[in-house]
Structures are given as C-alpha cells and as structure tokens.
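To find a chain, count down the sequence lines: A is the first, B the second, and so on, and within it residues start at 1. Just so you know, these numbers use all the heavy atoms, side chains as well, and skip hydrogens, waters and symmetry mates.
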Amino acid sequence: MLLAIIIVVALFQGGYMNAKKKKLKTQFSEHESTESTEGGLFTGIAIHVNGYTKPTSEELKRLMQQHGGKFIQYYNKTDVTHIIATSLTTSKINRLTNQKIVKPEWITESIDANCLLPYQDYVLFKPKWQNNPSVKHSVEASANQSAAPPNTATAGNPKFLKEFYNNSRLHHISSWGSECKTYVRQLQAANSFPGREKLLEMERRDDDDHGAMTQCIMHVDMDCFFVSVGLIKRPHLRGKPVAVTHSKGKGREDARSEENVAYEMAHWQKKHGGNLGSKPALNSMAEIASCSYEARAAGVKNGMFFGQARDLCADLVPIPYDYDEYKRVSRILYDTIASFTHDIEAVSCDELLVDLTSLVNEVQMSPLRIASMMRSEIEQRSKCTASAGIGPNILLAKMATKRAKPNGQHCIPDLTAGQELLSDRPVKDLPGVGRSIATKMAALSIVTCGDLQKMALNILQEHFGPKIGKQVKDFAQGKDERSITSNKQRKSVSAEVNYGIRFKQEGEVLNFVHQLSDEVHSRLREVKMKGKTITLKLKVRSKGAPVETAKFLGHGICDSVNKSVSLPLATNNPEVIRREAMALVRQMNFPADDLRGIGIQVSRLESEIIADGGITRSILQFTSIRQNPSTEHPEEKPDSPPTSSLPPPTSSLPPLPFLPSQMNSSLPSPMPSVPIDLPSPSQIDPTFLAALPPDIRSEVESACIASHQSRQPAKSSKAFRLPQPKKNHSPGKSPSNCITTKSPGKTTNHRRGKNRSPAAKNAAALPTKRATAAKQLIYANTPKVNKVMRSTAVTQPAAEQQVNFCGAVSLAEVKALLNEWIRTTEALTMGSSENSASVDAFWYKEY
DNA sequence: ATCCTCCCCTAC
DNA sequence: TAAGGTAGGGGAGGAT
Ligand SMILES: Nc1ccn([C@H]2C[C@H](O)[C@@H](COP(=O)(O)OP(=O)(O)OP(=O)(O)O)O2)c(=O)n1
Ligand SMILES: [Mg+2]
Ligand SMILES: [Mg+2]
C-alpha cells in the first residue's frame with residue numbers, strides 16, 4: 001500500500017497536475033466558489049478540498065454551503081482560507097503556499113459543536129517518512145538535505161532564540177509574573193472602583209456582620225488556567241480530560257524507517273475509519289502546562305510528560321497553547337480585582353493576593369460574599385472560573401484556595417480552624433515545602449503538618465536551618481506574619497535557555513551568548529536597572545551521559561556550572577555584558593558540543609537613574625584638565641536614551657580606562673575616597689594599560705587577575721586590591737557540579753557529594769574545586785590573558801589620545817587618580833553615553 | 001554576629 | 001519530536 005502511495009505522489013509531483021490545474025483554471029476562470037445562502041458558522045471561511053477525504057468532497061461542499069462558508073473547487077491562493085485534506089501524502093501543494101492544511105474533522109466537529117473550533121487543533125500531521133530520500137517530492141526534504149548540519153530547531157540558528165521564547169510556556173509565565181507586578185502598581189495609580197461601588201449598593205445580609213477580623217486575606221487563583229482559557233473556544237471539550245501541551249498526541253517518532261512505515265500505516269488506517277483497538281504507549285516528552293480536573297482525577301498533573309499522562313488517562317485530549325489569550329484573561333483577572341480594591345499583590349499571571357481588611361470594613365459585607373462577587377465578575381468577563389481562599393493570613397488564604405478548587409471558595413476564619421485543617425495535610429502542601437524538603441521530612445517520619453506541629457523547633461532548625469525550620473513549624477500551625485506588598489524591588493535579571501542547545505564550534509556558542517547578552521540588556525533596560533554582578537550559567541552534558549537526550553533537543557543529564565564576575569560599577573551596557581559573558585565562556589572552556597544550556601544573569605542591581613543633561617567625561621579629558629585647568633569645559637551631553645542593542649556607530653572618542661557604563665553609577669559618592677573594585681581583566685581598556693609604565697601595567701594586570709580570582713566582595717573598603725597573598729583555593733567560587741536528573745515530573749539537582757552535611761560536602765567538593773582552580777590558573781597565568789590584552793593594545797588609538805597619568809609612577813598614584821576620576825565623574829554623569837558606547841564597540845572588535 | 005558568594009530549592 | 005524560564009528565599013561556610 002505504501003508503494004502505491006509513493007507512486008501516486010511521484011505522479012503528482014510531475015507536470016501532470018500542473019498541467020491539469022492550468023487547464024481547469026482557464027475553463028473556470030470565474031466564480032468557482034459557491035456562496036452560502038444562510039450566514040453561519042463558516043462565514044469568512046473558504047475551503048479547498050485536496051485529495052480523498054473521509055467525508056467526501058461533495059459532502060464537505062454541502063456542509064460548507066449549509067453553514068455560511070465557501071467551497072472552492074479549484075485552488076487559488078488568494079481566496080482559499082483553508083485547505084482540507086485527510087492525508088498529507090496527497091497534499092502536494094503543501095509548502096508551495098503557506099496555507100493552512102486542515103483535517104476534514106475540523107468542519108464536521110465544528111458543526112457538531114455548533115461553534116467554529118480552532119483550526120489549529122486539526123492541522124494535518126506530517127508523517128516523517130516523507131523525508132525519506134527515496135520520496136523526493138517534499139520541498140522541505142530536499143532543502144534539508146543540503147542544509148548545514150545545525151538543525152534549524154537548535155540554538156545555532158539565528159532565529160532560534162526568538163522562536164524558543166515564543167513557544168516557551170515557562171518563559172511566558174515568568175515574564176507575565178513580572179509584568180503583573182508592574183501592572184498592579186499601574187492599576188494602583190487609578191482611582192475608580194466600580195466593583196466596590198456595586199458592593200456598596202447591595203443590601204446587607206445577616207451573615208454580613210461578622211466580627212471584624214484583624215486581618216483578612218484572600219487568595220484568588222484561576223482554575224486550570226491554560227485549560228480554562230483553551231476551552232473558551234472549545235466548548236465541545238468541556239467535561240473531558242484536556243491538557244495544554246505542545247504535543248499533538250503523537251510523541252516522538254523514531255527515525256527507523258520500519259517504525260515510520262508502521263506509523264504511516266496506522267495513520268492511514270485511522271483515517272479510513274479503522275479502529276485501532278490497543279494503542280501503544282505514547283512516548284511524547286512534551287510537558288503538560290495545565291490539565292483539566294477530569295484529567296487530574298486520573299492522576300495527571302501539571303508539568304507531567306504528555307506520554308506519561310496518556311498512560312494514566314488514555315483519552316486525554318491535547319490542546320495547543322494560546323499565549324495571547326492567557327495574557328488577555330490574566331488582565332481581566334487583575335482588572336476585575338482592582339475594581340474592588342488596590343490592596344493587591346501579584347503572585348503570577350493567574351493568581352493574586354488581596355488584603356480584604358479595609359474593603360470588608362468599608363462595605364460591611366462578609367469576605368465570602370465579596371469573594372463570590374469577585375469570582376462571578378471574573379467568570380462573566382473572562383468565561384473562566386477562579387477559586388478563592390480566605391483566611392487571617394496569606395498562608396491560610398492559600399490553603400483555603402486549595403480546599404476550594406475547582407471553581408469554589410472557602411474561608412478559614414481563624415488560626416484554630418487553620419491548624420485543624422492543616423493537621424491532615426501532607427507537608428508538601430505548605431508553601432516552600434517542595435520535593436526535597438518533603439523527602440527529608442519523610443525520612444524523619446514527618447509526613448503531615450500534624451507531624452510537623454509536634455516537632456520541636458530546634459530539631460527542625462537543625463535539619464533545615466534557622467529560617468526554614470521556624471517557618472515550617474509556624475506554617476504547620478497556621479501562623480504566618482507576612483503582609484501583602486506590591487512594592488518589591490527586583491534583585492536580578494536573567495535570560496537562559498536550556499533547550500535546543502546543540503553547538504559544534506565555539507563560534508556558535510559565542511554568537512548565542514551575544515544574543516543572550518542583548519536579551520538581558522534589553523530586559524535590564526525595561527526595568528531601568530543595572531547590575532554589578534554578571535553570572536554565566538552553563539549546563540554541560542555529564543560525563544557518560546548519552547549525547548542523544550530522551551526529550552527532543554532537551555538538556556538531558558547535565559552538570560550545572562556557573563561563574564560570575566563582579567564589576568566595579570553597576571552596568572547595563574550591552575557591550576560590557578556581552579564581553580564579560582563571553583570572557584566567562586572562554587574561561588570555563590567546555591567543549592562546545594557538550595553544552596546543553598546557557599544563561600546570563602545580572603544581579604546586585606541598582607536602579608538606573610537617567611537624569612536630564614547627564615554629563616560624560618572621559619579620563620582623557622579629566623587628566624588633561626588636571627594638567628591644564630584652563631582647558632576645563634566638560635563636554636555637555638544631552639542625555640541620550642539607552643542605545644539599541646546594536647552597536648552604535650563608531651566614533652573616535654578617546655578610550656576609557658573602564659567601560660563606559662561604569663561611569664554611570666547612580667550612587668552619589670558619599671565620601672572623598674570612593675572604594676572601587678578592580679575591573680576584571682577583560683574590562684580594562686587596553687589603551688589604559690598601554691599608557692602605563694610597563695611595571696605598573698603588569699602590576700595592575702596581576703591585581704585585576706588576583707582580585708577576580710579570589711572573588712572578593714565588591715564592597716570591600718579597599719579602593720584597590722593588591723595581589724592577594726592568598727592561596728589558590730577560592731572558597732565560594734568553585735562552580736558546583738551537579739547532576740541534573742529527570743525524575744517523575746521534575747528536574748532536581750543533586751549535589752555530587754550527595755547530602756550537604758558539612759563533612760560529606762567538603763570531601764565531595766574537593767575534586768571540583770581543584771578542577772576549577774586549574775582552569776583559573778590557565779586564565780590567570782597570563783600568557784593567554786596578556787596576549788589578548790597586548791594584541792588589542794596594538795590597535796590602540798593614536799598616541800595623542802592616550803592617557804597621560806599625570807606623571808603617576810606608582811600603582812597607588814594610579815589608584816588615587818582613578819578614584820578621583822570615578823568620583824567626580826559619578827557626580828557629573830547620568831545615563832548612558834553614545835560616545836562611550838562606541839568606544840566600547842571599538843575595543844570590543846578586537847576581542 | 002553579620003556580611004558575602006555560591007549555590008540549592010521552590011513556585012508559577 | 002519540542003520549545004526544561006526565571007525570580008526570590010535562604011543555607012553553608014568563609015571573611016570581617
Ligand atoms: N508546571 C507548570 C505549572 C504551571 N504552569 C502554567 C500553566 C498553568 O495553567 C498556570 C497556572 O499555574 P497553577 O499552578 O495555578 O495551575 P493551574 O491554574 O493550571 O491549576 P489550578 O487549578 O491548580 O490552579 O501556569 C506551567 O506551565 N507549568
Ligand atoms: Mg491556577
Ligand atoms: Mg496559580
């Protein structure tokens with residue numbers, strides 16, 4: 001049968017069809033489509049049926065006409081909105097046009113549901129055997145033959161990052177989480193409360209005059225959020241087990257042709273109404289973002305692999321993501337709650353905390369009644385349900401929500417009730433208690449919160465630390481002192497990708513790091529922050545781990561290795577971030593093809609204060625002014641908005657000893673002597689070094705290297721750190737090797753040396769430390785470093801642009817000079833300077 | 001004690 | 001196929 005298909009396909013590929021089409025087209029040059037008489041379901045939709053279909057073409061034509069759609073007999077690109085086909089085998093126009101190719105079930109099921117269902121659920125699956133070289137009909141297949149080895153789906157492809165982020169649910173919920181926090185602040189600026197006014201107009205009831213709680217917290221969380229949103233457009237799936245996932249219900253296909261043939265046969269058979277009695281276990285490694293409560297009843301959980309979930313729930317229906325819709329509904333949630341009160345804390349895109357205390361007092365209504373109003377408003381506006389929990393504190397409000405779900409609400413009136421409710425619950429239900437802590441607790445025979453209540457505080461603290469021990473004990477008793485805040489300040493900004501990372505050469509790695517740096521930079525700009533620490537986070541295939549991962553392009557079993565640099569001044573300069581990140585990559589020096597994940601994080605943040613008329617001075621100007629005060633006329637620069645992530649046009653400004661953004665500290669310098677850190681070796685402008693007498697230069701270099709080797713706290717009171725008389729061992733710095741393993745539904749990191757009991761840890765960490773120290777040595781040991789610096793220095797600007805260090809002859813003098821320069825510059829400068837950025841770009845070219 | 005860095009863990 | 005991100009809390013252990 002397969003052979004027959006191939007032959008048919010081969011025929012179609014030839015000129016036969018083209019000729020036929022042309023001929024027909026001339027015959028029916030005008031209106032080939034049939035308009036409907038009754039407007040309806042398919043208004044605006046024009047289908048063209050290709051090949052044989054289960055409901056026949058004639059039947060589909062009739063159905064379309066009956067329900068307000070068009071049926072186009074002879075394909076033309078402009079009129080046809082969807083192509084209907086049962087098998088791609090005969091869909092030869094695939095890829096010659098960008099048209100949607102959809103299964104006929106889209107039509108029939110839409111009619112059954114009396115609702116135009118998303119065509120995305122019915123896009124035709126493309127059997128892999130089409131890529132078999134013996135079947136040369138696929139445009140894509142032949143293109144791929146000659147394509148470069150880097151798979152288009154991997155990070156080597158320039159379009160990868162964007163594509164990945166567009167599809168990553170975790171990226172979306174994470175950035176929405178941040179956005180929600182910002183959005184709350186924005187909402188708080190407004191001053192109208194339609195929701196609250198509605199409450200005020202309502203009649204009071206007997207149950208409204210509750211004794212005033214000292215504090216009343218409500219937690220609201222959408223029920224199976226992604227699924228609920230997905231079901232808006234899929235009413236026919238309500239009541240069924242549904243999961244939002246990238247899987248289309250098929251899972252990974254093995255490349256072996258036999259299986260592909262078997263798959264194709266099954267596919268074919270299915271299309272022809274054959275009932276496949278026993279379905280083999282599905283091996284989709286796509287994660288489930290959210291599943292309906294029907295699916296949960298079968299044991300399916302958020303985060304589970306789809307294949308695994310299908311084993312638990314054979315009729316689990318996969319539906320695709322719709323990020324725009326989640327965002328839309330999330331806004332409805334926030335808008336709705338904010339129409340009642342502004343005492344809100346964003347938890348995530350589908351979840352928030354509300355301090356009801358003052359609202360309850362103002363409207364004199366019971367918290368549950370208020371919750372009820374809010375929830376029905378949410379459902380009415382969004383067509384999605386939310387659940388609400390109410391309690392005297394955040395903890396109990398959250399616990400109440402768990403009890404209330406789905407589509408319900410629950411109030412825990414006081415601590416006693418809370419303690420009662422908690423005593424049965426597994427410790428895992430407490431916020432902050434995850435897999436790791438729960439496991440440790442189980443080992444101590446602590447399973448329920450009741451068990452936890454009975455434990456002595458000091459025992460818990462012994463095992464889990466002072467804070468966690470205390471918190472866990474308090475939580476188990478329903479105690480929680482945290483209050484609701486909408487003004488938390490950001491502490492870090494990062495971008496990382498642990499999927500699709502497959503490189504062959506270091507060039508690809510650097511190129512990707514470049515893209516990530518720009519991403520981080522742009523995120524920093526968004527939040528108007530800059531930071532003093534840049535961390536490169538790598539995942540590296542573990543020794544012995546298979547090169548081919550279980551999940552398609554997943555990270556597999558990895559070691560995570562991080563390394564950071566501490567900058568003397570906070571930066572948000574894309575060039576600085578990029579250079580530092582790249583320097584870190586080079587230092588870590590892992591084989592490109594073993595990388596499985598890359599991330600860049602900026603921390604120790606300060607706010608970027610951009611004032612009007614910020615002033616930038618280069619050290620050249622500064623030193624020349626110092627020598628000749630009469631020339632003082634600091635260059636005034638109107639504040640230029642942060643530059644785009646592309647390097648700005650190069651100008652021939654004099655180079656700076658440090659990178660430009662480092663002059664932009666927002667900290668007013670409080671004292672005459674500003675403590676500064678040494679920049680890392682890569683941060684030093686080569687021209688600066690070149691301008692120094694050789695002996696001082698090498699002193700500066702080694703000081704930089706030493707200081708960054710030993711990773712001193714950046715806030716040291718020492719202005720300049722001399723080479724530390726320290727041994728190689730650099731304590732906090734050893735990147736800890738981890739094995740990332742996938743265990744049921746979760747990724748966990750295990751310390752190689754197993755448990756973190758002090759003794760065991762030291763022993764286990766030792767080899768790692770050594771390896772790291774060795775790497776640092778290679779870097780610090782200078783031939784390399786020096787070479788890089790010298791080679792760059794060769795291309796330094798003309799001599800007259802070099803820094804004259806006012807005759808400084810010692811490191812101490814250089815240090816004093818630099819301190820003065822930085823201090824005075826800090827006082828003057830704000831914002832980023834286009835000129836400094838271009839200097840930066842210049843120097844970077846040499847890298 | 002308290003701070004720092006480098007992690008691990010948790011949550012969505 | 002699949003899209004395993006990201007921010008915050010806090011523990012360990014060294015430096016101060
Ligand atoms: N492992 C996870 C957990 C959550 N999410 C996404 C999808 C969820 O719909 C959304 C909200 O997470 P919740 O924890 O609130 O879970 P649900 O809303 O799906 O279900 P519940 O009714 O339990 O709140 O975040 C995800 O992508 N992956
Ligand atoms: Mg939810
Ligand atoms: Mg939630």
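- Backbone-only engagement by A/Gly465 is indicated by non-hydrogen atom pairs under 4.0 Å involving sugar-phosphate atoms exclusively.
- Between A/Trp176 and A/Tyr326, the ring planes are perpendicular. Angles over 60° get that label, and only those under 30° would be called parallel.
- Sequence order on DNA chain C of the closest nucleotides to A/Ala495 and A/Tyr499 puts A/Tyr499 first from the 5' end.
- Under a cutoff of 6.0 Å and an axis angle of 45°, A/Arg185 and A/Tyr334 do not form a cation-pi pair.
- One can place CD of A/Glu496 at 10 Å from C1' of C/dG4, the figure rounded to the nearest angstrom.
- A/Arg523 comes within contact range of the sugar-phosphate backbone alone, with a heavy-atom separation under 4.0 Å but no base atom that close.
- By the 5.5 angstrom centroid cut-off and the 30-degree plane limit, A/His246 is classified as not stacked against the base of C/dA3.
- At the heavy-atom level, A/Ser348 lies under 4.0 Å from the strands shown only through sugar-phosphate atoms.
- Between the CG atom of A/Leu460 and the C1' atom of C/dG10 there is a distance of 16 Å, rounded to whole Å.
- With rounding to whole Å, A/Arg541 atom CZ is found 18 Å from C/dG4 atom C1'.
- Residues of residues 221-230 of chain A having a heavy atom closer than 4.0 Å to DNA chain C: none are found.
- In this model, the phosphate group of C/dG5 is not approached by any side-chain N or O of A/His172 to a distance below 4.0 Å at OP1 or OP2.
- Distance from the side chain of A/Glu287 is smallest for C/dG4 among the nucleotides C/dG4, C/dT6, B/dC12.
- Across all their heavy atoms, A/Pro318 and A/Lys248 have their closest contact at CG-C, 4.0 Å.
- Between A/Lys491 and C/dT6, a side-chain N or O to OP1/OP2 separation shorter than 4.0 Å is absent.
- What separates CD1 of A/Ile534 from P of B/dT5 is a distance of 14 Å, to the nearest Å.
- The distance between atom CD1 of A/Ile173 and atom P of B/dA11, rounded to the nearest whole Å, is 13 Å.
- Using a 4.0 Å cut-off, no side-chain N or O of A/Thr533 falls inside it from OP1 or OP2 of B/dT5.
- A salt bridge (charged side-chain N to carboxylate O under 4.0 Å, His left out) check over residues 324-334 of chain A, counting only residues at least two apart or in different chains, returns the pairs A/Glu179-A/Lys327, A/Glu179-A/Arg331, A/Glu325-A/Arg328.
- Closest contact between the side chain of A/Phe164 and the listed nucleotides B/dC12, C/dG5, B/dT5 involves C/dG5.
- When the side-chain nitrogen and oxygen atoms of A/Arg596 are compared with OP1 and OP2 of C/dG4, none of them lie within a distance under 4.0 Å.
- Residue A/Arg435 places no side-chain N or O under 4.0 Å from the OP1 or OP2 atom of B/dT10.
- Checking the phosphate oxygens (OP1, OP2) of C/dG5, a side-chain nitrogen or oxygen of A/Asn498 falls inside 4.0 Å.
- In summary, the side chains of A/Asp223 and A/Ser228 do not present any donor paired with an acceptor at a separation below 3.5 Å, with no hydrogens or angles considered.
- For A/Arg169, the salt bridge (charged side-chain N to carboxylate O under 4.0 Å, His left out) partners two or more places apart in sequence, or in a different chain, are A/Glu287.
- Between B/dT5 and A/Ser564, no contact under 4.0 Å exists linking OP1 or OP2 to a side-chain N or O.
- A ring-ring contact (aromatic ring centres under 6.0 Å, His included) with A/His171 holds for exactly one of A/Tyr321, A/Tyr323, A/Tyr165; it is A/Tyr165.
- Per the geometry, CZ belonging to A/Phe475 stands 12 Å off C1' belonging to B/dT10, to the nearest Å.
- Two residues, A/His463 and A/Ser492, neighbour DNA chain C, and the one matched to the more 5' nucleotide by heavy-atom proximity is A/Ser492.
- When each of B/dT10, C/dA7, C/dG5 is scored by its nearest atom to the side-chain atoms of A/Ser178, the top-ranked nucleotide is C/dA7.
- Heavy atoms of A/Phe160 sit nowhere under 4.0 angstrom from any nucleic acid atom.
- Within the structure, salt bridge (charged side-chain N to carboxylate O under 4.0 Å, His left out) contacts touching residues 458-468 of chain A (residues at least two apart or in different chains) do not occur.
- Counting non-hydrogen atoms under 4.0 angstrom, A/Glu351 reaches the backbone sugars and phosphates but no base.
- Counting any heavy atom pair closer than 4.0 Å across all strands shown, A/Gln461 reaches no nucleic acid atom.
- Remark: A/Ser436 is in phosphate contact with B/dC9, judged by side-chain N or O atoms under 4.0 Å from OP1 or OP2.
- Backbone-only engagement by A/Gly432 is indicated by non-hydrogen atom pairs under 4.0 Å involving sugar-phosphate atoms exclusively.
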When the side chains of residues 492-500 of chain A are checked against the rest of the protein, which donor-acceptor pairs come out under 3.5 Å, sequence neighbours left out?
unit_1: A/Glu496; atom_1: OE2; unit_2: A/Lys537; atom_2: NZ; d: 3.3
unit_1: A/Tyr499; atom_1: OH; unit_2: A/Phe552; atom_2: O; d: 3.2

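- The A/Ile437 side chain lies nearest to B/dC9 when the options are B/dC9, C/dG5, C/dT1.
- Applying the side-chain hydrogen bond (donor to acceptor under 3.5 Å, both in side chains) test to A/Ser168 and every residue at least two apart in sequence or in another chain returns nothing.
- Nearest nucleotide to the side chain of A/Lys551, out of C/dA7, C/dA3, C/dG5: C/dA3.
- The distance from atom NE2 of A/His171 to atom P of C/dA3 is 15 Å, rounded to the nearest whole Å.
- Side chain of A/Gln471, nearest nucleotide from B/dC12, C/dA2, C/dG10: C/dG10.
- The interatomic distance linking A/Asn302 (CG) with B/dC12 (C1') rounds to 10 Å, in whole Å.
- Residue contacts for A/Ile600: at a heavy-atom cut-off of 4.0 Å it reaches no nucleic acid atom on any strand shown.
- In terms of phosphate contacts, A/Tyr165 brings a side-chain nitrogen or oxygen within less than 4.0 Å of OP1 or OP2 of C/dT6.
- Here B/dC12 is the nucleotide among C/dA3, B/dC12, C/dG5 with the atom lying nearest to any side-chain atom of A/Asp350.
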